[in-house]
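Order of appearance sets the numbers: ligands from 1, and atoms from 1 within every ligand. Small disclaimer: the values here were computed from a predicted structure and weren't measured.
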Amino acid sequence: MVSKVSVEQAHSILQSSQQESEANPLCSLELPVVRHDWNRAEVEALFALPFNDLMYRAQQTHRLFFDPNRIQLSTLLSIKTGACPEDCKYCPQSGHYNTGLEKEKLMAVETVLERAKQAKANGATRFCMGAAWRSPTDKDLSHVIQMIRSIKALGMETCVTLGMLSPEQSRELAAAGLDYYNHNLDTSPEYYGDIITTRTFSDRMDTLANVQEAGINVCCGGILGMGESVRDRASMLRVLANLPEHPGSVPINLLVRVKGTPLGETEELDPLEFIRTIAVARILMPRAHVRLSAGRRQMDELHHTLCFMAGANSLFLGEKLLVTPLPDSDEDMALFDKLGMKREEKEVEPLYYDAAAG
Ligand code: SAM
Ligand code: DTB
Ligand code: SF4
């Protein structure tokens, strides 16, 4: 059993929510597709479905909006590394723990541009930049804005993750043409205080609102394998799915257990629990790119394959995430070939109209 909901209860909860949605004249589709009103019981019921039923439902949803044989490839660069004032228990970049990481100041714009050019040559369509900040100063932000403008000029999409943002900072990034802002919830509101004490879950929600109000697409997900319960995973995904607009990308990270961090010795997560969570994310946020992010070095070919079958359709490719290594790109490419998967060239237009998004 994966949660307290029995298989029979799960089927019955989901059947009644489907009947309700069929009775809704706004929803002309057979399945309740893009929704923003998931209740706790429904999301927990998805987690409690038999594995094959969950995978089937995730695949049905995936095929409504995406070509299941396409994968979006992104590249990540740490533009400012280590010495972060926050105490996130999972993070090798927190200044609170000794992980042996070498700190680095904010990179020069030209260096970042060179790295973006290399990433483009390797097939990445999106270039993501991360900084170990609680929130950027205005001076930091103006440097990042120069980076964004020059990478956009290469014809690439840009994404940055810089910590908390004010409404004004969000508007400045929007004016620079930023495509995505990554700001993860990381875990459920209930478990948040066990993982981070230097900011709150609602600080996170405030930044997400600032970014969405500025008109920037949100990239927002979390980390699995930090000792959270199935209920926590359901709760985190429910918060994401009930945002006024679903995130365009949902990174699902598997904890990289880094020595020196408080979570460095955490027990390994059962891969099936990870795959279930991918499938539920796909069902709850049908139009989002669900991205395999941290932890891919711990996943073998079959683990990756089941993630793709569950609806994951994006990943980070390259040597490193921010500071920890990724699998060898040649191995990633060889797996795509074996599976007949091709890279997604550009964002696909959804096939169906989302009544809530308009
Ligand atoms: N400082 C900014 C912030 O926290 O929003 C941006 C950078 S932070 C490193 C970006 C994300 O990386 C975190 O929200 C977390 O989801 C992920 N991350 C960091 N360390 C990780 C680890 N050891 N395993 C998995 N994911 C991790
Ligand atoms: C996300 O959700 N995962 C990426 C990206 N967004 C910024 C970062 C993962 C970091 C993993 C540990 C590290 O290398 O620092
Ligand atoms: Fe800092 Fe971000 Fe790491 Fe937290 S996750 S310690 S905010 S870099």
Per-residue contact class, His183 against ligand 3 - non-hydrogen pairs under 4.0 Å: neither

Options Leu322, Leu224, Val160, Val323, ranked by nearest heavy atom to atom 8 (S) of ligand 1, top entry: Leu322

Within-cut-off N or O pair, Leu322 and ligand 2, under 3.5 Å: yes

Atom 7 (S) of ligand 3 protein-contacted, heavy-atom criterion under 4.0 angstrom: yes

Ligand 2 contact on Asn184 by region, counting heavy-atom pairs under 4.0 Å: side chain

Any His96 heavy atom less than 4.0 Å to ligand 3: no

Region of Thr161 engaging ligand 2 - heavy atom pairs below 4.0 Å: side chain

Closest candidate by heavy atom, reference atom 3 (Fe) of ligand 3, pool Ser78, Cys91, Ser94: Cys91

Distance-only N or O hit between ligand 2 and Val256, under 3.5 Å: no

Nearest protein heavy atom with distance in Å, relative to atom 6 (N) of ligand 2: Asn182 OD1, 3.3 Å

Ser314, Ser293, Cys128 screened by side-chain contact (heavy atoms from CB on, under 4.5 Å) with Pro251, the one that passes: Ser293

Backbone or side-chain N/O/S of Cys84 under 2.8 Å of atom 4 (Fe) of ligand 3: no

From Ile223, Leu185, Ile196, Leu255 - option closest to atom 27 (C) of ligand 1 by heavy atom: Ile223

Side-chain (Asn253) to main-chain (Ala294) donor-acceptor, under 3.5 angstrom: yes

Contacting atoms of ligand 3, where contact means under 4.0 angstrom from a heavy atom of Ala132: 8 (S)

CD/Glu190: more than 12 non-hydrogen atoms of other groups inside 6.0 Å: yes

Option whose closest heavy atom lies nearest to atom 3 (C) of ligand 1, chosen from His183, Met164, Arg204: Arg204

Backbone of Ala288 reached by a side-chain donor or acceptor of Arg282 within 3.5 Å: yes

Heteroatom distance test (Ser293, ligand 2): nitrogen or oxygen, under 3.5 angstrom: no

